[in-house]
Amino acid sequence: AADQIDVNYTVAEKASGNLMAGVGFSQTQGIVFNANVTQDNVFGSGKRVNLAFNNSNISTQYSFGFLNPYFTADGVSLGYDIGYQTRNAAQANISRYNTNTMNAGVNFGIPLNEFDRLGFFLDLKRTKLKESDISSQEILDFISQNQGSNNTFDTLSASISWSHNSLNRMIMPSEGGQQRLSALGTVPGSDLLYYKVDYNQQHYFPLAKDLIFRLRGEVAYGDGYGKTKSLPFFEHYFNGGVRSVRGFNDNTLGPRDSKGLPIGGSSKIVGNAELFFPV
């Protein structure tokens with residue numbers, strides 16, 4: 001037929017899984033070990049499975065995730081995740097305390113259009129708090145005011161997020177922007193009742209060949225409600241460091257406890273203006 005052509009083509013399918021292992025060094029975290037196994041098409045189902053391990057001076061983390069990216073024909077995703085983490089806050093330049101955290105959650109992702117997506121999350125978390133002989137009075141006061149079972153707090157949180165992504169590429173973008181607005185709250189019946197709201201954005205402006213200007217900002221706020229009088233200190237916001245405000249050590253910019261150590265705060269405002277150019 002005059003209005004049709006025959007097209008011959010071949011498809012080379014990329015690897016559906018990958019195995020990654022690494023070792024590195026960070027000023028704050030010390031020597032870092034990590035391993036990650038991801039299978040994007042487990043058993044030929046199109047579903048994704050991820051198993052990860054990360055270890056450093058600050059924390060040790062194990063996580064397992066499952067994602068069905070096309071739970072519905074319209075592109076709604078469904079995911080599950082479980083994890084366990086131990087954290088030594090003193091190694092992160094902040095107040096002296098340790099936490100052991102177990103979590104399990106379920107999440108839905110709903111595409112609105114090419115650039116926008118909604119996310120819904122439900123997470124069950126158990127946090128065991130360990131104070132030390134040199135913990136600050138703020139930490140001891142929080143424990144006495146919020147008596148969990150053997151310093152263990154069980155929370156069920158629900159959250160929603162909206163994200164907009166118009167970056168021209170995910171790695172080293174040169175144009176476009178990214179925004180995210182999220183809100184989280186623990187539900188009544190949880191050992192701790194609190195909420196958190198966070199908005200962050202970044203935008204890239206190409207000025208010339210290989211010269212890119214970026215504006216980035218974040219505003220966040222959290223507080224307790226009901227029987228919980230304030231945002232738990234282990235949910236505080238922190239600033240400082242090369243990914244936040246240069247010229248400060250990680251997590252050291254902000255309120256300090258009675259021992260003079262950073263303890264973070266219930267609100268956060270940070271802005272950056274950066275220029276990228278070839279080395």
Side-chain angles (χ1 to χ4, degrees), residues 59 61-68 71-72 76-87 89 92 94-95 97-110 112 116-131 135-163 179-200 218-238 254-255 257 263-269:
S59 67
Q61 185 175 11
Y62 307 87
S63 62
F64 172 80
F66 171 86
L67 177 69
N68 182 353
F71 180 62
T72 72
V76 175
S77 64
L78 169 64
Y80 305 94
D81 58 88
I82 58 175
Y84 176 76
Q85 180 184 41
T86 63
R87 186 167 187 259
I94 58 181
S95 293
Y97 65 90
N98 295 338
T99 57
N100 293 343
T101 305
M102 294 184 292
N103 71 281
V106 59
N107 61 82
F108 289 90
I110 303 175
L112 301 178
D116 299 272
R117 189 174 185 88
L118 282 178
F120 298 91
F121 309 84
L122 193 64
D123 291 285
L124 180 64
K125 182 186 297 185
R126 167 166 286 189
T127 303
K128 184 174 178 59
L129 181 63
K130 297 180 181 179
E131 77 275 22
S135 292
S136 65
Q137 190 61 46
E138 288 86 349
I139 293 175
L140 300 178
D141 289 345
F142 178 88
I143 293 174
S144 65
Q145 294 167 6
N146 302 275
Q147 288 293 341
S149 176
N150 194 26
N151 289 353
T152 299
F153 303 93
D154 295 325
T155 58
L156 178 63
S157 63
S159 57
I160 183 173
S161 70
W162 164 77
S163 60
Q179 300 179 68
R180 179 180 170 86
L181 175 64
S182 62
L184 175 149
T186 58
V187 304
S190 300
D191 290 336
L192 298 172
L193 301 177
Y194 62 89
Y195 63 90
K196 302 175 76 173
V197 180
D198 193 312
Y199 172 75
N200 60 72
E218 182 178 3
V219 178
Y221 179 78
D223 201 357
Y225 74 93
K227 63 181 180 181
T228 306
K229 303 304 180 185
S230 61
L231 185 68
F233 64 87
F234 49 84
E235 293 286 345
H236 277 179
Y237 301 104
F238 292 88
D257 62 20
I263 196 171
S266 59
S267 58
K268 174 181 178 178
I269 300 176

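Only heavy atoms go into these numbers, but all of them, side chains included; no hydrogens, no water, no symmetry mates.
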Fill in: Test side-chain contact (heavy atoms from CB on, under 4.5 Å) applied to Met102 and Tyr84, step by step
CA-CA 5 Å; Met102 294 184 292; Tyr84 176 76; 3.3 Å; yes
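Here the side chains of Asp81 and Phe121 are not in contact, with every heavy-atom distance at 4.5 Å or above. His236 is not listed as a side-chain neighbour of Ser95, based on a closest heavy-atom distance of 4.5 Å or more. Looking only at side-chain heavy atoms (C-beta outward), Ser157 and Lys125 stay at 4.5 Å or farther from each other. Side-chain contact between Glu138 and Phe233 is absent, with no heavy atoms from C-beta onward closer than 4.5 Å.
Just one of Thr228, Leu124, Thr155 meets the side chain to side chain contact (heavy atoms under 4.5 Å, CB included) condition when paired with Ser190; it is Thr155.
Atom CD1 of Ile143 sits about 4.5 Å away from atom CG of Leu129, to the nearest 0.5 Å. For the atom pair Gln179 CD and Asp116 CG, the distance stands at 8.5 Å (nearest 0.5 Å).
The environment of CD1 in Ile269 is sparse: at most 12 heavy-atom neighbours from other residues, nucleotides or ligands sit within 6.0 Å. More than 12 heavy atoms of other residues, nucleotides or ligands lie within 6.0 Å of NZ in Lys227, so this atom counts as buried by the packing criterion.
Side chain of Lys196 to backbone of Glu235: a donor-acceptor contact under 3.5 angstrom is found.
Among all heavy-atom pairs drawn from Val187 and Leu193, the shortest one is O-CD2, 3.4 Å.
For the residue pair Gln85 / Asn103, no side-chain donor-acceptor distance below 3.5 Å is found, with atom types taken as modelled.
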